> 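Quick one: the structure is below, questions incoming.
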Amino acid sequence: MATRIGIGLLGLGTVGAGVATILTSPEGRHPLIAELDLVRVAVRDLNRSRPVAIPQEKLTTDPEAVVDDPEVQVVVEVMGGIEPARTLIMRAIAAGKSVVTANKAVIARHGEEIASAAAAAGVYVLIEAAVGGGIPIIEPLKQSLGSNRINRVSGIINGTTNYILSRMADEGADYFAVLKDAQDLGYAEADPAADVEGHDAADKIAILSGLAFGGPIDRDAIPTSGISNLQSKDVDYATQLGYGVKLLAIAERIESSSDASPALPLAVRVQPTLVPKEHPLAGVHGVNNAILVEGDPVGRVMFYGPGAGSGPTASAVVADILNIAGIRQLNAAPGGLDPLLAASSWRACRLVQGGEIRQRNYVRFNTDDAPGVIGRIGSCFGDQQVSIQSIVQFDASDEGAEIVVITHEVSSGAMQKALSAITALPEVRLLASHLGCL
Ligand code: NAP
Ligand code: HSE
């Protein structure tokens with residue numbers, strides 16, 4: 001026999017309003033949704049107009065009152081930010097309430113603490129909406145791909161930046177105008193610097209890495225660069241060379257010779273990256289995200305769909321609520337192993353030093369238009385065993401030349417040494433850009 005489940009919502013913004021819309025229109029959806037009661041909702045501004053009608057008496061500016069409400073059994077945290085979100089999540093757990101959150105910033109930094117508390121309290125903390133918006137990626141990594149030895153997780157995991165890059169490439173749209181559109185559409189974080197500087201993608205790859213490789217990593221040590229300094233010239237040159245430019249997040253296990261630590265060595269980074277036109281990630285446009293998981297024995301699996309926005313993110317949030325509701329309806333024993341903890345703490349992992357990361361590179365130099373400069377640049381790369389895939393001169397004139405080099409896969413350490421030697425050449429005026437390349 002079904003029992004009604006009280007939901008307390010912390011936040012009624014882009015995601016919260018999407019969740020409330022689903023909960024208040026259960027017709028034609030999973031029958032358990034009709035058993036979910038939206039009991040109380042915390043907001044900052046009681047007078048703000050909302051896209052979904054919620055009775056005024058359910059609204060409060062006191063989020064603790066929502067968590068503490070005895071009618072609330074599941075707390076849904078969609079307010080964002082680190083605090084008070086972290087404290088409210090811990091308060092809900094301490095009160096024996098399961099939590100659903102879309103808050104990757106909190107989970108990337110405090111996931112272990114939260115998961116341990118949840119396991120001790122015998123409640124669930126589900127985070128499907130924290131990565132990939134509407135794409136199911138968390139539960140597949142925890143469950144459906146659980147038998148695999150995962151070697152690599154990579155992809156486009158920020159909708160705002162993919163939307164901006166797509167519109168700049170397709171329409172030549174202005175960066176700031178498109179960023180404003182992304183904010184208006186509800187894709188961007190409250191502070192969009194988190195999107196365009198790559199920090200949101202770094203939060204998400206930290207979470208995916210923990211699930212894929214079995215242990216947390218130091219979120220703040222992930223090398224991160226975003227798209228705010230990306231120049232349209234590089235996008236143009238990349239296009240001429242047969243590539244698109246995407247903000248990629250990559251986490252992969254590597255062989256490391258640097259120490260005898262038993263911890264699994266991982267190379268993790270976020271950076272604008274050239275993607276060959278025929279690569280599956282090159283066809284991911286607009287707000288869509290795509291995550292490639294490479295495992296043994298499954299091979300390569302790609303998850304694709306809308307990575308941000310009200311409806312897609314609410315879809316993932318409500319799916320997590322349904323999971324918890326389903327467990328309760330089945331009367332599963334409380335105190336079962338927390339799924340987040342179970343998937344993310346069975347092994348020690350460590351980030352390798354930046355110099356050990358191996359990748360292909362795209363670099364652009366401003367140089368004098370002088371005879372022999374390409375040869376001297378090539379020699380500097382050769383001296384560090386950096387193999388060049390292509391070297392092209394663009395825009396040679398009296399004003400100078402632009403030389404673009406794409407390398408084969410090399411260690412970042414060797415690449416840095418070669419770049420130091422090149423920028424010391426008298427004909428080389430500037431290392432104008434350095435991007436990754438698939
Ligand atoms: P948002 O539109 O800014 O909504 C935040 C909501 O929280 C607002 O309703 C706000 O109230 C309320 N709030 C904030 N601080 C509060 C406080 N101290 N007390 C009471 N209420 C408070 O944010 P969002 O885009 O929905 O994002 C919410 C979370 O989901 C974030 O963690 C974000 O990273 C994550 N997320 C967002 C998306 C997306 O596409 N937007 C996708 C995946 C995950 P007022 O409305 O009164 O201001
Ligand atoms: N700001 C985030 C993005 C929301 O654009 O991807 C989804 O997590």
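Here the structure is a predicted model, which is why all the values come from computation and not from measurement. Below, all heavy atoms of this structure are taken into account, side chains as well, without hydrogens, waters or symmetry copies. We count ligands from 1, going down the list as the structure has it; atoms in each ligand are counted the same way.
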> Using a 3.5 Å cut-off on N or O atoms only, is G159 in polar contact with ligand 2?
yes
> Check D200 against ligand 2 and report side chain, backbone, both or neither, counting heavy atoms closer than 4.0 Å.
side chain
> Hey, is atom 23 (O) of ligand 1 touched by any protein heavy atom at less than 4.0 Å?
no
> Should V15 be counted as touching ligand 1, given the test is an N or O pair under 3.5 Å?
yes
> Looking only at N/O atoms, are S310 and ligand 1 under 3.5 Å apart anywhere?
no
> Can you tell me if CD on E255 sees more than 12 non-hydrogen neighbours from other groups inside 6.0 Å?
no
> Have a look at ligand 2 and work out which part of N158, if any, has a heavy atom under 4.0 Å from it: side chain, backbone, both or neither.
both
> When V41 is tested against each of I54, L10, V52 for side-chain contact (heavy atoms from CB on, under 4.5 Å), which residue passes?
I54
> If we only count N/O pairs under 3.5 Å, is G133 in contact with ligand 1?
no
> What I want to check is whether the side chains of S225 and Q271 have a donor and an acceptor closer together than 3.5 Å.
no
> For atom 12 (C) of ligand 1, what's the nearest protein heavy-atom neighbour? Residue, atom name and distance, please.
G11 CA, 3.8 Å
> Scan L36, V72, V19 and name whichever one has a side-chain contact (heavy atoms from CB on, under 4.5 Å) with I7.
L36
> To check your reading of the model: name the closest protein heavy atom to atom 30 (O) of ligand 1, its residue, and the distance in Å.
A102 CB, 3.5 Å
> With nothing but distance in play, are any N or O atoms of R48 less than 3.5 Å from an N or O of ligand 1?
yes
> At what distance is the nearest protein heavy atom to atom 43 (C) of ligand 1, and which residue and atom is it?
T313 CG2, 3.3 Å
> With heavy-atom distances below 4.0 Å as the criterion, list the atoms of ligand 1 near K104.
33 (C), 34 (O), 35 (C), 36 (N), 43 (C), 44 (C)
> Report the nearest protein non-hydrogen atom to atom 21 (N) of ligand 1: residue, atom name, distance rounded to 0.1 Å.
V43 C, 3.1 Å
> Consider every N or O of T160 and every N or O of ligand 2, then say whether any pair is closer than 3.5 Å.
yes
> Answer yes if the side chains of N103 and E77 hold a donor-acceptor pair under 3.5 Å, and no otherwise.
yes
> Mind checking the CG-CG spacing from D195 to N158? Nearest 0.5 Å is all I need.
4.5 Å
> Is atom 3 (O) of ligand 1 in close reach of the protein, with a heavy atom under 4.0 Å away?
no
> By number and element, which atoms of ligand 1 are closer than 4.0 Å to a non-hydrogen atom of G186?
39 (C), 40 (O), 41 (N)
> Looking at ligand 1, does any of its N/O atoms fall within less than 3.5 Å of an N/O of G13?
yes
> Give the atom numbers and elements of ligand 1 that come within less than 4.0 Å of a heavy atom of D45.
47 (O)
> Among all protein heavy atoms, pick the one closest to atom 17 (C) of ligand 1 and tell me residue, atom and distance.
M79 CE, 3.2 Å
> Please determine if G16 has a nitrogen or oxygen closer than 3.5 Å to a nitrogen or oxygen of ligand 1.
no
